[in-house]
Q: 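Quick one: the structure is below, and I'll ask about it shortly.
Small disclaimer: the values here were computed from a predicted structure and weren't measured. In what follows, every heavy atom counts, from backbone to side chain, and hydrogens, waters and symmetry copies are set aside. Labels below follow one simple rule: chain letters A, B, ... track the order of the sequence lines, proteins then strands, and each chain is numbered from 1.
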2 protein chains.
Amino acid sequence: MAESMRPPSVSDVARRAGVSKATAARVLGGYGRVSAAIHAAVSAAAAEIGYRPNELARSMTTGRSDTIGIVVGDIANPFFAVAVHAMSQVLRAEGFGVLLANSAESLAEEKAAIDTLLGRRVDGMIVSPADMRESSHLRAIMDSGVPLVQFDRCAAGLAVAGVTADDRDVAAEVTQMLIRRGHRRIAYFTACETDSGRFSDLEEIGTGSVRERIAGFLTAGEGLEDTALEVVVGAVGAERAQSLATEVLARGAEAPTAMIASDSTIGLGLYTAARAAGIAIPQALSLVTFHDADWTAIAHPGITVISQPARRLGEEAARMLIRQIQTGDGTCAHHVVPCRIISRGSVGDGPVS
Amino acid sequence: MAESMRPPSVSDVARRAGVSKATAARVLGGYGRVSAAIHAAVSAAAAEIGYRPNELARSMTTGRSDTIGIVVGDIANPFFAVAVHAMSQVLRAEGFGVLLANSAESLAEEKAAIDTLLGRRVDGMIVSPADMRESSHLRAIMDSGVPLVQFDRCAAGLAVAGVTADDRDVAAEVTQMLIRRGHRRIAYFTACETDSGRFSDLEEIGTGSVRERIAGFLTAGEGLEDTALEVVVGAVGAERAQSLATEVLARGAEAPTAMIASDSTIGLGLYTAARAAGIAIPQALSLVTFHDADWTAIAHPGITVISQPARRLGEEAARMLIRQIQTGDGTCAHHVVPCRIISRGSVGDGPVS
DNA sequence: CTGTTAGCGCGTTCAC
DNA sequence: GTGAACGCGCTAACAG
């Protein structure tokens with residue numbers, strides 16, 4: 001058994017090849033000039049004893065770890081799963097490994113994760129900030145001289161590169177569409193939590209992308225009555241979303257005639273609630289959800305969705321980071337990728353149409 | 001700007017606190033005994049200059065990297081996404097970081113990924129082997145003395161720990177159920193590819209879990225006619241699955257009356273194909289799919305699924321690995337977690353019932 | 001308790 | 001071309 005044996009190092013290879021450590025290191029590391037004969041001998045010796053370079057030691061002297069840290073809220077969320085997949089593809093093509101961390105959308109866990117990644121001396125980071133109101137830890141990354149790209153959301157007042165969707169615009173667009181169709185009571189459902197359990201101020205929303213969307217939502221409805229637009233918070237998970245929607249729908253004539261779900265999990269909850277309550281979509285209730293999830297295409301009727309280009313967002317974030325690493329350019333370009341609205345039939349005319 | 005400044009090291013802290021490097025290292029590293037006064041002084045100095053331990057250097061001397069390598073086929077696949085999430089939660093709770101790699105179900109990429117991870121001196125690995133027929137690279141992991149746990153699938157003839165679902169049994173169970181309901185022509189759809197494009201031998205199936213399932217499928221139908229059971233290969237992605245299913249369904253009276261999908265993406269393709277062809281589920285076609293995906297619950301009718309305990313599988317794999325690392329025990333226990341069949345109404349009686 | 005010294009595996013000067 | 005020697009940041013022996 002080779003169980004507890006120390007892995008072969010350059011010295012071992014050198015000894016076996018009958019050359020100095022430095023010479024062996026040169027051919028093994030692929031730098032400097034070595035005669036063909038010795039080159040062959042060293043290579044052979046390395047192969048025989050199964051030498052494999054210790055990347056940690058290499059990183060120590062070079063200063064580069066060839067590793068990128070990625071921090072997302074929840075890798076089990078299809079949006080992030082696809083995005084991370086895209087990122088790692090682009091990064092691996094450039095020779096980078098990926099250290100993945102989940103924040104569970106908790107600021108404390110996010111800070112801890114970033115701390116760990118900085119300790120591991122990653123060459124760059126891609127982070128989806130859980131709370132745009134606190135950015136001291138993001139600033140710490142920059143102060144460490146580590147390139148950073150924000151993903152999906154951006155912290156406030158921070159000159160850092162980022163790639164996001166056009167959340168505000170597309171939310172406004174969808175809302176306007178609903179208003180145009182005659183809806184005068186529209187509810188936006190988000191998983192974000194507030195202290196009071198109700199929504200009263202945009203400042204209470206920590207998730208950058210969601211705040212943008214709600215801003216667009218509210219802006220679009222500015223000409224309407226105060227009671228027209230409603231934001232429902234705390235819809236974490238399909239079950240919770242469903243029960244919240246059930247409550248709202250129970251208001252009868254006072255209930256909203258259109259709903260927007262901030263992600264597909266919530267959308268599923270709303271859809272289920274409507275079906276359970278016997279409320280017809282789109283005749284009695286219009287439904288739109290963010291993210292083009294599987295189920296939206298086969299639901300009855302098909303669900304109109306705001307399709308987020310998760311793959312492209314991920315690729316773009318990875319590319320921005322690589323560029324920043326390679327050029328050393330501390331550019332803070334903010335890249336916005338447009339969402340696409342896919343109409344499937346879950347939006348009908350409202351009472352004023 | 002602190003751009004290119006070398007990050008503070010133990011020496012820097014020591015100098016600032018007016019103590020020796022070793023003493024500073026002791027309080028910074030949290031080992032050995034130091035007087036309260038000096039402890040405070042060092043901590044203060046560290047905080048002032050923003051010291052952060054270099055985990056790479058630490059790993060070099062300790063031999064441990066506190067990092068686990070995870071290699072899965074496709075992180076965008078919900079099954080793996082959930083599993084990886086569960087793994088990283090368990091691992092992080094024990095102080096381990098996660099280096100994630102995608103193999104894209106390619107043996108070559110899997111080998112490359114494992115090579116990289118070994119180079120980075122991970123303390124352990126969790127791998128979903130892309131091809132159970134080739135295991136030399138997995139053996140290389142063991143030879144390096146790195147604890148390994150196989151996930152979801154197991155390579156042939158390898159004494160390595162692993163956690164899988166009870167694929168063969170549950171596949172047999174579902175098949176028997178279909179036969180009992182009167183079905184005499186059943187098709188199993190998998191994304192696996194064969195050279196010929198057709199299925200002829202179990203040996204052609206490289207994905208361990210799928211081979212197990214097909215084995216169970218074929219065993220269950222042993223008493224029937226030779227033409228009763230059919231395996232359709234190459235159903236990669238929903239679109240391809242749909243077109244393959246459309247072809248099969250076009251055989252009219254010769255078409256299968258029941259279909260089993262090897263994953264939920266394929267299931268979606270089969271479902272869509274049936275609807276497009278105007279074939280009623282479950283009256284004219286019964287459908288069962290692996291993985292309890294979102295859409296299966298809201299389809300019409302609801303789809304009967306084989307629910308894989310992705311979260312538990314992931315947690316268990318992580319725990320097995322941790323145990324192996326901590327005890328140094330090279331145990332090769334093989335843990336099997338049972339799947340659960342959730343009946344939703346997509347299975348009806350066949351012609352012989 | 002504290003300071004000194006010696007490595008870990010590698011890249012990189014310098015001489016030869 | 002090649003080899004000897006040093007340093008990266010840290011832990012771990014060993015002395016005092």
Side-chain angles (χ1 to χ4, degrees), chain A residues 4-43 45-46 49-67 116 118-123 144-145, chain B residues 4-43 45-46 49-67 116 118-123 144-145:
Chain A
S4 60
M5 252 179 41
R6 176 182 53 74
S9 75
V10 204
S11 313
D12 300 320
V13 177
R15 196 174 311 122
R16 197 167 216 285
V19 297
S20 82
K21 203 190 315 190
T23 307
R26 278 191 259 263
V27 7
L28 263 22
Y31 57 91
R33 305 236 154 276
V34 184
S35 74
I38 290 196
H39 185 102
V42 172
S43 302
I49 63 178
Y51 168 78
R52 189 191 314 276
N54 184 334
E55 300 295 344
L56 273 72
R58 185 170 284 179
S59 297
M60 272 250 313
T61 63
T62 61
R64 303 177 311 122
S65 63
D66 288 334
T67 304
T116 305
L118 284 179
R120 282 184 162 70
R121 297 298 191 263
V122 292
D123 292 344
S144 305
Chain B
S4 61
M5 251 178 42
R6 177 182 55 73
S9 75
V10 210
S11 312
D12 299 321
V13 177
R15 195 175 312 121
R16 196 166 217 286
V19 297
S20 81
K21 201 192 311 191
T23 307
R26 277 192 258 265
V27 5
L28 262 22
Y31 58 91
R33 306 236 155 278
V34 183
S35 75
I38 290 196
H39 185 103
V42 172
S43 302
I49 62 179
Y51 168 79
R52 189 191 314 278
N54 184 334
E55 300 294 346
L56 274 72
R58 184 171 284 179
S59 297
M60 270 246 315
T61 64
T62 61
R64 302 177 312 123
S65 63
D66 287 335
T67 304
T116 305
L118 285 179
R120 282 184 163 69
R121 297 299 192 264
V122 293
D123 291 343
S144 305

Q: Just by modelled atom types, is the Ser65(B) backbone N or O under 3.5 Å from a matching donor or acceptor in the Thr67(B) side chain?
A: yes
Q: Nearest to the side chain of Val34(A), which nucleotide is it out of dT2(C), dG3(D), dT2(D)?
A: dT2(D)
Q: Separation of Arg33(B) atom CZ from dT11(D) atom P, in whole Å?
A: 17 Å
Q: Could you pull out the closest heavy-atom pair between Gly29(A) and Arg58(A), with the gap in Å?
A: CA-NH2, 4.2 Å
Q: DNA chain C: Thr23(B) or Met60(B), which has the more 5' nearest nucleotide?
A: Thr23(B)
Q: Choose from dC1(C), dG3(D), dC10(C) the nucleotide whose nearest atom is closest to any side-chain atom of Ala57(A).
A: dC10(C)
Q: Could you check how far CZ of Arg121(B) sits from P of dC10(D), rounded to whole Å?
A: 20 Å
Q: Counting side-chain heavy atoms from C-beta on, which of dG3(C), dG9(D), dG9(C) comes nearest to Val10(B)?
A: dG9(D)
Q: Find the distance Arg52(B):CZ to dG9(D):C1' and express it as a whole number of Å.
A: 15 Å
Q: Starting from P on dG11(C), measure out to CG on Leu28(A) and report it in whole angstrom.
A: 8 Å
Q: Nearest whole Å is fine: how far is dA12(D) C1' from Arg64(B) CZ?
A: 14 Å
Q: Tell me which nucleotide among dG11(C), dA12(D), dG9(C) gets nearest to the side chain of Ala22(B).
A: dA12(D)
Q: Provide the closest heavy-atom pair for Arg26(B) versus Gly32(B) in the form atom of the first, atom of the second, distance.
A: CD-CA, 4.2 Å
Q: Of the options dA4(D), dC10(D), dG9(C), whose atoms approach the side-chain atoms of Thr61(A) most closely?
A: dG9(C)
Q: What is the distance, to the nearest angstrom, from the NZ atom on Lys21(A) to the P atom on dT13(C)?
A: 17 Å
Q: Hey, is Asp12(B) close enough to Arg6(B) for a salt bridge, meaning N to O under 4.0 Å?
A: yes
Q: Expressed as a whole number of angstroms, how long is the span from His39(A):NE2 to dG1(D):C1'?
A: 14 Å
Q: How close do Arg64(A) and Asp123(A) get, counting heavy atoms only, and between which atoms?
A: CA-OD1, 3.6 Å
Q: The side chain of Arg58(A) is closest to which nucleotide in this list: dC10(D), dG3(D), dG11(C)?
A: dG11(C)
Q: Toward the 5' end of DNA chain C, which comes first, Pro7(A) or Tyr31(A), by nearest nucleotide?
A: Pro7(A)
Q: Looking across every strand, which nucleic acid part, if any, lies under 4.0 Å from Ile38(B) by heavy atom: base, sugar-phosphate, or nothing?
A: sugar-phosphate
Q: Between P on dT13(C) and CZ on Arg26(A), what's the gap in Å once rounded to a whole number?
A: 11 Å
Q: Looking only at the side chain of Ser20(B) (C-beta and beyond, no hydrogens), which of the listed nucleotides dG3(D), dG3(C), dC8(C) gets closest?
A: dG3(C)
Q: Of the listed nucleotides (dG11(C), dC10(D), dT11(D)), which one gets closest to any side-chain atom of Ala25(B)?
A: dT11(D)
Q: Is there a donor and acceptor pair closer than 3.5 Å between the side chain of Arg6(A) and the base of dG9(C)?
A: no
Q: With a 4.0 Å cutoff (strictly under), does any side-chain N or O of Ser35(A) reach OP1 or OP2 of dT2(D)?
A: yes
